[in-house]
Amino acid sequence: MADHPRAIDLGDGLRKDAVVADRTTPDEELMRALYDEHAGPLLGFVLRLVGGDRQRAEDVVQETLLRAWRNADRLRGASGSVRPWLVTVARRIVIDGHRSRQSRPREVDAGPLELIPAADEIERALRLMTISEALGDLTEAHREALIETYFKGRTVSEAAEVLGVPAGTVRSRVFYALRSMKLSLEERGVTA
């Protein structure tokens with residue numbers, strides 16, 4: 001069956017000449033007529049609303065025409081042009097989109113985050129485990145002297161007071177504790 005030109009009467013203000021196959025439905029005819037007559041001006045209007053973002057504007061126009069298709073029965077019965085209805089729907093879609101973007105966190109591209117050097121937590125955890133094991137190899141007296149001076153940051157005099165021993169004893173215990181730690185760590189494969 002060949003296509004032939006015919007006039008489509010879609011109500012007041014919606015008369016449009018088009019080439020339409022006989023198998024089209026009135027809804028398809030309405031959508032073609034709406035698109036042909038209103039899509040261009042509607043896109044220009046929406047482009048201004050979305051700050052020139054053409055892709056977003058096209059999405060809004062598409063959604064507007066989809067809503068027009070869903071309301072085809074109401075539009076057919078409407079008097080006058082449907083452009084004010086389309087403009088109102090498009091404006092509301094833009095507003096709703098703006099509000100939904102404001103209500104949730106912005107999406108961020110993770111690409112730049114991959115370039116930021118980060119501390120390797122696995123290496124740190126393994127190092128701490130190895131040091132803890134090496135501390136376990138020390139005598140109680142050497143371990144206490146090392147913990148008080150190196151890990152708690154106390155002076156030899158402060159450590160001596162806490163441990164209840166002379167300062168010279170603390171120095172001696174720290175010296176031998178460090179020597180034992182070095183050997184213990186070397187046995188575990190850790191080198192300075």
Side-chain angles (χ1 to χ4, degrees), residues 39-40 42-71 85-192:
L42 193 58
L43 180 63
F45 171 74
V46 173
L47 269 170
R48 287 189 301 278
L49 292 178
V50 297
D53 184 346
R54 185 163 185 88
Q55 182 178 3
R56 206 163 119 210
E58 289 173 352
D59 289 345
V60 169
V61 169
Q62 183 178 10
E63 178 64 25
T64 302
L65 292 174
L66 180 64
R67 291 184 187 185
W69 175 71
R70 289 180 184 153
N71 293 291
W85 185 89
L86 293 170
V87 166
T88 301
V89 169
R91 186 172 41 80
R92 288 181 181 163
I93 291 170
V94 170
I95 290 169
D96 290 346
H98 177 72
R99 286 179 181 160
S100 71
R101 279 188 302 283
Q102 295 298 329
S103 69
R104 66 176 183 244
R106 285 188 60 187
E107 296 175 5
V108 178
D109 180 23
L113 295 177
E114 294 171 2
L115 301 176
I116 297 173
D120 188 0
E121 292 299 317
I122 294 174
E123 285 293 323
R124 182 175 179 271
L126 290 173
R127 189 173 56 249
L128 290 174
M129 286 173 46
T130 305
I131 291 171
S132 294
E133 289 174 358
L135 277 172
D137 291 347
L138 299 176
T139 65
E140 183 70 27
H142 287 160
R143 185 173 36 253
E144 286 176 344
L146 202 57
I147 288 172
E148 291 298 323
T149 55
Y150 276 87
F151 295 105
K152 291 186 178 178
R154 293 192 169 120
T155 64
V156 171
S157 300
E158 292 170 339
E161 189 177 319
V162 169
L163 296 173
V165 295
T169 304
V170 172
R171 278 190 208 94
S172 174
R173 287 180 182 174
V174 168
F175 173 80
Y176 288 109
L178 288 174
R179 196 168 83 179
S180 294
M181 280 284 290
K182 181 180 178 192
L183 291 172
S184 183
L185 289 172
E186 284 175 353
E187 288 174 0
R188 289 175 170 78
V190 178
T191 57

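Every heavy atom of this structure was used, including side-chain atoms; hydrogens, water molecules and symmetry mates were not. Numbers for residues simply follow the sequence, beginning at 1.
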All side-chain contact (heavy atoms from CB on, under 4.5 Å) counterparts of [X], not counting sequence neighbours:
| X | value |
| --- | --- |
| Glu186 | Lys182, Leu183 |
| Arg99 | Ile95, Asp96 |
| Val174 | Ala145, Leu146, Thr149, Tyr150, Val170, Leu178 |
| Phe175 | Arg179 |

Next item on the list: Can you measure from CG (Leu135) to OG1 (Thr130) and round to the nearest 0.5 angstrom?
Entry: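 With rounding to 0.5 Å, CG (Leu135) is 11.0 Å from OG1 (Thr130).
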Item checked: Spacing of Leu126 atom CG and Ile131 atom CD1 [to the nearest 0.5 Å] ->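 Reported value, rounded in 0.5 Å steps: 11.0 Å.
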Least distance between heavy atoms, [X] atom then [Y] atom:
| X | Y | value |
| --- | --- | --- |
| Ala57 | Val46 | CA-CG1, 3.6 Å |
| Pro166 | Ala160 | C-CB, 3.9 Å |
| Leu65 | Ala39 | CD1-CB, 4.5 Å |

Next item on the list: Mind running side-chain contact (heavy atoms from CB on, under 4.5 Å) on Asn71 and Trp85 for me, showing each step along the way?
Entry: CA-CA 11 Å; Asn71 293 291; Trp85 185 89; 3.7 Å; yes
Note to self: I'd like to know if the side chain of Ser180 and the backbone of Ala177 have a donor-acceptor N/O pair within less than 3.5 Å.
What the structure shows: no
Next item on the list: Taking the side chain as every heavy atom from C-beta outward, state whether Leu86 and Phe45 have any pair of such atoms under 4.5 Å apart.
Entry: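 When only atoms from C-beta onward are counted, Phe45 and Leu86 do not touch, as no gap falls below 4.5 Å.
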Next item on the list: Kindly state each residue pair satisfying side chain to side chain donor-acceptor pair (under 3.5 Å) with at least one member in residues 53-68, sequence neighbours excluded.
Entry: Arg54-Glu58, Glu63-Arg67
Next item on the list: Go through the structure and list residues passing side chain to side chain donor-acceptor pair (under 3.5 Å) with Thr169, not counting sequence neighbours.
Entry: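 With neighbours one apart ignored, the set is empty.
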Margin query: Please list all pairs meeting salt bridge (Lys or Arg N to Asp or Glu O under 4.0 Å) that have one or both residues in residues 156-176, counting only residues at least two apart or in different chains.
Written below: none
Among residues at least two apart in sequence or on other chains, which ones pass salt bridge (charged side-chain N to carboxylate O under 4.0 Å, His left out) with [X]?
| X | value |
| --- | --- |
| Glu187 | none |
| Lys152 | Glu148 |
| Arg188 | Glu133, Asp137 |

